[in-house]
Amino acid sequence: MDALTLLTSRYSSPRLTEPAPSAEAMALIKRAAVQVPDHGALRPWRFVVVQGREALVRLGDIFAEAAIEEDPTISLELQERARQLPLRAPMVIVCIAKITDHPKVPAAEQVQSTACAVMAMQQMAFALGYGGIWRTGAYTQYDYVKQAFELAADDEIVGFLYLGTPNGQAPNRTPLDADNFFSAF
Ligand SMILES: Cc1cc2nc3c(=O)[nH]c(=O)nc-3n(C[C@H](O)[C@H](O)[C@H](O)COP(=O)(O)O)c2cc1C
């Protein structure tokens, strides 16, 4: 897929199935992740690839345990819902901003660089014929999840990038009128 088509037609895929990106595709997805703008060359990005049923079930267990820690009275149904979340795709990449204390590069910029990496990975996956969706939600904030991924106090989970093969049609949307969001100075 050429860059113009990618940038003017990309979309997210909430419904994903096997196969996950191949080893060759992952090499390109990783390459795209570390190509992003990075003020001060701090390399704040850390990515944990959760692939395959066993690993996804373990991530689901972490989500359920986090939900229980947040609310010990949580119903079994909600616990089970938390457990199932990662099973919505054959691969989930946990995208972490590892924050360095720097006089010129605030933490927000390090998070922004990591956000660029999330988008770059999603775009590369799309360009290669895979699909993905960037999700956050409460699990990015829970201490239990942060500890499970060994985040330091200032680090952030910027997103869970769900990747796989789209299971459904491309959305049939009217493109936004970009001019509504631009003005001349
Ligand atoms: C930072 C960020 C966090 C997001 N978190 C969620 C989420 O938790 N759940 C969700 O369904 N969509 C989430 N989205 C939105 C989807 O990634 C996606 O952009 C949205 O479904 C619109 O689809 P599109 O990308 O095809 O326009 C998030 C987007 C961003 C940028």
Side-chain angles (χ1 to χ4, degrees), residues 1-17 20-21 29 32-33 35-39 44-50 56 59-60 62-64 66-67 70-71 74 78-99 106-146 148-149 151 154-182:
M1 181 184 293
D2 66 83
L4 282 178
T5 306
L6 167 67
L7 292 172
T8 55
S9 71
R10 53 107 4 226
Y11 57 86
S12 302
S13 297
R15 283 186 207 84
L16 295 161
T17 187
I29 288 168
Q35 188 72 31
V36 298
D38 174 20
H39 191 181
W45 340 282
R46 299 291 182 278
F47 307 105
V48 183
V49 180
V50 183
L56 292 162
L59 181 60
I62 289 170
F63 283 179
E70 285 298 310
D71 176 8
I74 186 174
L78 287 177
Q79 286 178 37
E80 191 51 29
R81 195 180 293 177
R83 220 176 281 287
Q84 293 297 323
L85 289 174
L87 299 173
R88 292 175 291 179
M91 176 187 283
V92 177
I93 303 181
V94 185
C95 304
I96 296 162
K98 184 132 202 71
I99 304 300
E109 293 186 2
Q110 299 175 50
V111 171
Q112 286 156 17
S113 178
T114 307
C116 290
V118 180
M119 186 64 188
M121 289 191 287
Q122 191 184 8
Q123 307 245 61
M124 180 60 86
F126 186 89
L128 295 169
Y130 295 96
I133 183 164
W134 178 354
R135 298 184 188 271
T136 48
Y139 296 99
T140 59
Q141 304 298 325
Y142 289 163
D143 285 340
Y144 190 91
V145 180
K146 291 184 178 179
F149 286 96
L151 270 68
D154 291 341
D155 299 345
E156 286 195 33
I157 298 176
V158 175
F160 300 103
L161 181 61
Y162 287 64
L163 292 178
T165 299
N167 187 11
Q169 303 287 355
N172 184 12
R173 299 184 197 137
T174 311
L176 292 175
D177 183 350
D179 285 337
N180 289 338
F181 303 90
F182 287 80

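Please read these numbers as outputs of a predicted model, since none were measured by experiment. Whatever order the structure lists ligands and atoms in, that order sets their numbers, starting from 1. The figures here come from the full heavy-atom set of this structure, side chains too, leaving out hydrogens, waters and symmetry mates.
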Next on the checklist: I'd like the name of whichever of Gln122, Arg173, Arg10 reaches closest to atom 23 (O) of ligand 1 through any heavy atom.
Outcome noted: Arg173
Checklist entry - So which protein heavy atom does atom 18 (C) of ligand 1 come closest to, and at what separation? => result Ser12 OG, 3.5 Å
Item to check | Inter-residue atom distance Leu16.CG - Leu163.CG, 0.5 Å rounding | outcome: 7.5 Å
Item to check | Minimum heavy-atom distance between Gln110 and Ile99, given as atom pair plus value | outcome: OE1-CA, 3.4 Å
Checklist entry - Can a donor-acceptor pair be found between the side chains of Ser12 and Arg10 at a distance below 3.5 Å? => result yes
Checklist entry - For ligand 1, which atoms sit closer than 4.0 Å to a heavy atom of Arg135? => result 5 (N), 6 (C), 7 (C), 8 (O), 9 (N), 10 (C), 11 (O)
Checklist entry - Do Met121 and Met124 pass the side chain to side chain contact (heavy atoms under 4.5 Å, CB included) test, and can you show the C-alpha distance, the side-chain angles, and the key distance before you say yes or no? => result CA-CA 5 Å; Met121 289 191 287; Met124 180 60 86; 5.8 Å; no
Item to check | 4.0 Å heavy-atom contact, Met119 with ligand 1 | outcome: no
Checklist entry - When you measure from atom 21 (O) of ligand 1 to every protein heavy atom, which one gives the shortest distance, and what is it? => result Ile133 CD1, 4.0 Å
Item to check | Any Gly137 heavy atom less than 4.0 Å to ligand 1 | outcome: yes
Checklist outcome for this item: When rounded to the nearest 0.5 Å, the distance separating OG1 of Thr136 from CD of Glu156 is 11.5 Å
Checklist entry - Does ligand 1 have a heavy atom under 4.0 Å from the side chain of Thr136, from its backbone, from both, or from neither? => result both
Checklist entry - Identify the closest protein heavy atom to atom 6 (C) of ligand 1: which residue and atom is it, and at what distance? => result Trp134 O, 3.5 Å
Item to check | Backbone of Pro37 reached by a side-chain donor or acceptor of Ser113 within 3.5 Å | outcome: yes
Next on the checklist: For the aromatic rings, using the six-membered ring if either is Trp, is the centroid distance between Phe126 and Tyr11 under 6.0 Å?
Outcome noted: yes
Checklist outcome for this item: Here the atoms of ligand 1 under 4.0 Å from any heavy atom belonging to Tyr11 are 26 (O)
